[in-house]
Each structure stands twice: as structure tokens, then as C-alpha cells.
Amino acid sequence: MSEFSPLVFSGVQPTGNLHLGNYLGAIRKFVALQASRNCIYCVVDLHAMTAQLVHEDLEDQTRAITAAFLAAGIDPKAHIVFNQSRVPQHAELAWIFNCVARIGWMNRMTQFKDKAGKDRENASLGLLAYPSLMAADILVYRATHVPVGDDQKQHLELTRDIAQKFNSDFSARIAKLSLGVEMMVGEERVNGYFPLTEPLIEGPAPRVMSLRDGTKKMSKSDVSDLSRINLTDDADTISKKIRKAKTDPEPLPGDVEGLAGRPEADNLVGIYAALSDRSKEEVIAEFGGRQFSAFKPALSELAVSVLSPISVQMRRLLDDPAYIDGVLADGGERAGAIAEKTMKDVRAIIGLLA
Ligand code: TYM
């Protein structure tokens, strides 16, 4: 009996500017994983419709995320980069997962509750079913690892629940068709068609916080642009935002434990660590006891040195949309071939004549 071969999948929505949270929580990890794994990175344009239906600039936003992937160092030849809607098997599997998943599971998702707000009856059905499409994105490739920021953890737990329920509901048919793969679930050895995907969330900045309020996530929907560093910000803007970032009056502590209860200090140290591929311990070893007036200029310099080349390269790539479209078309074709292979099995497992 074979085992799942390691495969990385992740996605980013083409809605609004990318910020430092997206970069450190996701894209920087995407780049690093290329050295050791086969990777598929997707611009999830079908997800963009769930909270807001009409986007005048969806094509350009899709190209901008693709340009950010490439500018950050993702190699679209060695790996796969594409936009979700090009591979209709995502939507096909999502429908099947809509019938596997339970409404109660979806209702418990904190992102649904946040995005739907008080008027839940008026949220789109797509917003409720969002995690089912996300599970399909991952499982249509039978991906084993998914790098994401901490805010996606609950969606990935749900992805495992969907895989597990499918594997168990269809276990007899999976066995009859000899399509099962052996895997460990806790202590138990089981046979299933879909892997139980592992989230990759660890690192010093799994949840980058707002520069204006260390208890709030850095987000593209925050009204204050000073709360986030956008990947398109120039060097002066980055420095200004770090200079104005909220801090407390104490110097940096002498050890990492001293960051507890100091959300703004913790956030800035985490950002410095993630941008320099170091741990928070190492950053504190260098800057412990120093004032923010000394730490902030060092952080600015580091942020500009990492982010500026990316934004320059992004702009260069966006001057040639035909090249970007070519990358997405080529990636879509290669992704589609893998996805169709899975869907052939899934249709047979369910009993859909095709
Ligand atoms: P999205 O587009 O909101 O965000 C893209 C990635 O950025 C991470 N992220 C953060 N990480 C750290 N700190 C922050 N402040 C921060 N803000 C955002 C997110 O965790 C994410 O990794 N549902 C997903 C997109 C998606 C997906 C998938 C991801 C659709 N299908 C399949 C993985 C696998 C989302 O809305 O991400």
C-alpha cells in the first residue's frame, strides 16, 4: 500500500493590497518550501466573490497577487502557479464537499461569523460554504501540507474533518475500487482516499498584528493605512509607518518571556525575527534592554531591504500582463491535469457515471 507523497498547496485571495501579514504568514513560507517540496500556489479568485460579489478590477487583482508570488521568489516553472477558476474541478469537488460537510460545522467558523456580522441571513451562501471550497482547493491535489497564517487554522481543521468524513462514509467503495492509501490517524492505521492535511503555521510571526493596535490582526480591511505595511509601499512609507507604530514606554525586555503582556513589543520583535529568518530569542539577545528609538530604525532598515526589491520587481512584472497571463495559463493546465485525475477517482467512488 502506497503513502501520500508530500505536496504543498496554498492560496491567497485577490482582494485588496497584500500586506506584511500575508507576506510573513504565507508568501515567505511558500518561497522557502520550494527547496524541499513540490508546491502548488493558487490565486483563489472564486473565493473573492464570497464576501463581495462584484469586483471591477478582479483581473488586475489576480495579476497583482501573481506578480507578488513571482517577485517574492516563487518559481512558476519548477512549481505551479495559477488562478483557481481556470481549474473547474475545484468547484466540482466543492459541491461534493458541500454534501459531506454539515451546516453546523460552517456556522461555527469564526471567519464566517466575523465577515457575516450581525446580519447573517443576508450573507451569501458562498460565504457560508467558503471553507468547503477551501477544502476542495487543497484536496483536489491530495495535498499533504498547507502553509498559512494562524487565522486559517480553523479552516484547516475543517478540511481534515471533511477528508475524514469522506474517507469513512465511502470506505467500502474506496476499498472495492482499491483507491485507498494507508495513513495514521492518531494511533490508528486507516485507509482513505484523502490525506489529513497538516497546516504549517509555525514561525515567529504566524499572526502579524496591526501597527496601531497590537491586539488586532494586521488586515487589508482596517480603515487605517498606518495599521499595515503594504507590499507596494515605498521605502519612505515603510519607515514612516514603523516610526509611527504604537509601542509602550519600556525598553525591550532582556528575555522573550518579558514580551508577555506587551502586544506591540511582541509584534515588532516577531516581525524583525521573521524578516531576518531568526527566532525571537535571537532578536532579543541582540536588542534586549534597548529603547524603541534604537530598535525601530533597525527594523525599518531591515523591512525596506527585504520588501523594496519585491515591490520593484512586482511593478516590473505588472508592466507585462501578457507574461503573467501566460504563467497562469501554463500553471492552470498543469494543475488541471492533476485535479482531473483526482476527480476521475472521486466520481467513481461516489458512483457518478462519467
Ligand atoms: P487570505 O487571502 O486572507 O490571506 C492569505 C494568507 O495570508 C495569511 N495572513 C496572515 N498571516 C499572518 N498575519 C496576518 N495578519 C495575516 N493576514 C493574512 C493568511 O493566513 C493566508 O495564509 N482562506 C484563505 C485563502 C485560501 C486558502 C485555500 C489558503 C483559499 N483556499 C487553500 C490555503 C489553502 C484566505 O482567505 O487567505
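Numbering of residues begins at 1 and proceeds along the displayed sequence.
Residue Phe69 is not grouped with residue Val87 when hydrophobic side chains (ILVMFWY) are merged at heavy-atom distances under 4.5 angstrom, including chains of intermediate members. Grouping the Ile, Leu, Val, Met, Phe, Trp and Tyr side chains by contacts below 4.5 angstrom, directly or via other members, places Val43 with Val31. Hydrophobic clustering (ILVMFWY, side-chain heavy atoms < 4.5 Å, transitive): Met209 and Ile238 are in distinct clusters. Two different hydrophobic clusters hold Trp95 and Phe170 under the rule that ILVMFWY side chains link at heavy-atom gaps under 4.5 Å. When hydrophobic clusters are built by joining Ile, Leu, Val, Met, Phe, Trp and Tyr residues whose side-chain heavy atoms come closer than 4.5 Å, directly or via intermediates, Val140 is not grouped with Val81.
His19 places a side-chain N or O within 3.5 Å of a backbone atom of Gly21 that can act as its donor or acceptor partner. At distances below 3.5 Å, at least one donor-acceptor pair connects side-chain atoms of Gln154 with backbone N or O atoms of Arg108. With hydrogens and angles ignored, the 3.5 Å screen pairs no side-chain donor or acceptor of Asn230 with any backbone N or O of Thr232. Of the possible donor and acceptor atoms, one in the side chain of Gln52 sits under 3.5 Å from a partner among the backbone N and O of Val54. In this structure, the side chain of Thr50 does not engage the main chain of Gly126 through any donor-acceptor pair within 3.5 Å. When atom types are taken as modelled, the side chain of Lys241 and the backbone of Asp225 share a donor-acceptor pair closer than 3.5 angstrom. Side-chain atoms of Arg290 never come within 3.5 Å of backbone atoms of Leu252 as a donor-acceptor pair (strictly under, hydrogens ignored). Looking only at distances, no side-chain donor or acceptor of Glu198 sits under 3.5 Å from a matching main-chain atom of His145. Side chain of Arg228 to backbone of Ser219: a donor-acceptor contact under 3.5 angstrom is found. Here the side chain of Thr237 pairs no donor or acceptor atom with the backbone of Asp233 at under 3.5 angstrom.
Residue Lys217 is tested with Asp114, Asp222, Asp151, Asp150 for a salt bridge (charged side-chain N to carboxylate O under 4.0 Å, His left out); the sole match is Asp151.
For Lys296, the NZ atom counts as densely surrounded, since its 6.0 Å shell holds more than 12 non-hydrogen atoms of other residues, nucleotides or ligands. The environment of CD in Glu286 is crowded: more than 12 heavy-atom neighbours from other residues, nucleotides or ligands sit within 6.0 Å. Within a 6.0 Å sphere centred on CD of Glu301, heavy atoms belonging to other residues, nucleotides or ligands number 12 at most. Within 6.0 Å of atom NZ in Lys240, 12 or fewer heavy atoms from other residues, nucleotides or ligands are found, so the atom counts as exposed in its surroundings. The number of heavy atoms from other shown groups lying within 6.0 Å of CE (Met106) is above 12.
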Test log, rule side chain to side chain contact (heavy atoms under 4.5 Å, CB included), inputs Val269 and Ile284: CA-CA 8 Å; Val269 169; Ile284 286 295; 4.2 Å; yes
Given Leu70 and Tyr323, is the side chain to side chain contact (heavy atoms under 4.5 Å, CB included) satisfied, shown in steps? CA-CA 11 Å; Leu70 305 182; Tyr323 170 72; 3.9 Å; yes
Under the side chain to side chain contact (heavy atoms under 4.5 Å, CB included) criterion, do Ile80 and Tyr141 qualify, and how do the steps go? CA-CA 12 Å; Ile80 294 179; Tyr141 303 101; over 6 Å; no
Step by step, would you call Gln13 with Gln61 a side chain to side chain contact (heavy atoms under 4.5 Å, CB included)? CA-CA 9 Å; Gln13 291 197 62; Gln61 294 277 355; over 6 Å; no
So Glu182 and Arg189, salt bridge (Lys or Arg N to Asp or Glu O under 4.0 Å) or not? Walk me through it. CA-CA 7 Å; Glu182 230 172 65; Arg189 190 172 284 281; 3.0 Å; yes
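Ala205 and Gly270 get closest at one heavy-atom pair: CB-O, 3.9 Å.
For Phe30 and Tyr23, the ring centers are positioned 6.0 Å apart or more. Ring centroids of Tyr41 and His79 are separated by 6.0 Å or more, keeping the two rings apart. In this structure, Phe112 has its ring center at least 6.0 angstrom away from the ring center of His155.
Atom CG of Leu268 is separated from atom CZ of Arg262 by 10.5 Å, given to the nearest 0.5 angstrom.
Below 30°, between 30° and 60°, or above 60°: for Phe9 and His90 the angle between ring planes is between 30° and 60°, a tilted geometry. Under the 30°/60° scheme for interplanar angles, the aromatic rings of Phe295 and Phe292 are found to stand perpendicular.
Considering only heavy atoms from C-beta on, Leu139 comes within 4.5 Å of Pro195 through its side chain. With contacts defined as side-chain heavy-atom distances shorter than 4.5 Å, the pair Val44/Val12 does not qualify. Met109 has its side chain within reach of Leu158: a pair of non-hydrogen atoms, C-beta onward, lies under 4.5 Å apart.
Lys246 and Asp213 are not joined by a salt bridge, as no carboxylate oxygen comes within less than 4.0 angstrom of a charged side-chain nitrogen.
Seen from the ring of Phe4, Arg142 does not count as a face-on cation partner, given the 6.0 Å and 45° thresholds.
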